[in-house]
Amino acid sequence: MAGRPRPRARVFAQLLVAWGLPEPDQMLGNQLTASALYYSDGLRREVSIMHPPGQLQWGVQVRDDALNLMAGRGFCAEFQGDDEWTVVDGQRRYVAGRRIYPWPNGREPLDPQLVEDGRRYVPAMLWMLHDRAELGRLLLAGHGSHEGIWERDGLLASPQGAAEARIVQAVILARTTGDTALESEALAKLRTSASITSGQSDWTFAEWVGHFAAEDQQWCTVDITDLTGLQRQRRRRPTPKAL
């Protein structure tokens, strides 16, 4: 008999050791996930495991600690490994189910592929971004409204949220930290993309930036009135974009 599924806390503790990770600064958990958190250079680095029935999945996110908590969203990077993608007819395609492993039962050893993948990717993902400035530049990745991806040493990092919302986040981060170079990069991207319209509405890129800035102005502690002034002055709005 295979035995009962191993308790999640025990599995996670074994994984952290098997993946070569240091002692976490904080551990969190609920009925669905367990997370190990590391705090450094203004960033909150988090690796989580999820427990669908009989299965185990893991993921890594890195957030600006202070601003993500204030906003309740955003200022976040997500990561994937190059083994989660393949090329079909010259186009890169996501490999569904690549990060699904069997949940260990009883005294069964951890799945070898789970251990190997974690050792290869998890530490590198957690510390791929060195500081808040680098996260800010990732927020600006991509051209216009298109999603941007950074590739480095077999890792793919992508910012969370719509490009227009990320422009606002990058400006807030830059002005919060006094990073004038990052602020200049964000405003330069805004200028070059300002008149672009999406296929879903007649709003321009700049007007969407103003829309998201108006929402973020409710909590942020720096002046972004130059961005809120870009929002379209009319009652009817198109379907809001996801943040």
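The two atoms that bring Phe79 and Met128 nearest to each other are CE2-SD, 3.7 Å, heavy atoms only. The minimum heavy-atom distance linking Glu183 with Ala174 is given by the pair N-CB, 3.5 Å. Residue Ala186 comes nearest to Ile167 through the heavy atom pair O-CD1, 3.7 Å, listed as atom of the first residue, atom of the second, then distance.
Here the side chains of Arg132 and Asp65 are not in contact, with every heavy-atom distance at 4.5 Å or above. Side-chain contact between Met125 and Leu156 is absent, with no heavy atoms from C-beta onward closer than 4.5 Å. Within the 4.5 Å cutoff, the side chain of Leu37 has heavy atoms near those of the Arg44 side chain. Side-chain contact check for Trp19 versus Leu126: every heavy-atom pair is 4.5 Å or farther apart.
For Arg99 and Tyr121, the positive end sits near the middle of the six-membered ring, less than 6.0 Å away and at most 45° from its axis.
To the nearest 0.5 Å, the span separating CG on Asn30 from OG on Ser35 amounts to 7.5 Å. Taking CG of Leu43 as the reference point, atom CH2 of Trp127 lies at 11.5 Å (rounded to 0.5 Å).
Put simply, the side chain of Arg73 never gets that close to the backbone of Asn68: no donor and acceptor are under 3.5 Å apart. With Gln55 contributing its side chain and Pro52 its backbone, the two residues share no donor-acceptor pair below 3.5 Å.
With salt bridges taken as basic N to acidic carboxylate O contacts below 4.0 Å, none links Arg45 and Asp25.
Residues Leu15 and Met27 are members of one and the same hydrophobic cluster, defined by side-chain heavy-atom contacts under 4.5 angstrom among Ile, Leu, Val, Met, Phe, Trp and Tyr. By the criterion of side-chain heavy atoms lying less than 4.5 angstrom apart, applied directly or through intervening Ile, Leu, Val, Met, Phe, Trp or Tyr residues, Leu21 is grouped together with Ile49 in one hydrophobic cluster.
A donor and an acceptor atom, one from each side chain of Gln14 and Arg6, are located under 3.5 Å apart. Between the side chains of Asn105 and Arg4, no donor-acceptor pair of N or O atoms lies under 3.5 Å. Using modelled atom types and a 3.5 Å distance limit, the side chains of Thr177 and Asp179 yield no donor-acceptor pair. Between Tyr38 and Gln26, the side chains place no donor N or O within less than 3.5 Å of an acceptor N or O (distance only, hydrogens not considered). Ser48 and Glu46 are linked by a side-chain donor-acceptor pair at a separation below 3.5 angstrom, with hydrogens and angles left out of the test.
With a 6.0 Å radius and a threshold of 12 heavy atoms from other residues, nucleotides or ligands, Asp153 has its CG atom at or below the threshold.
Using cut-offs of 30° and 60° for the angle between ring planes, the Trp203 and Trp208 rings count as tilted.
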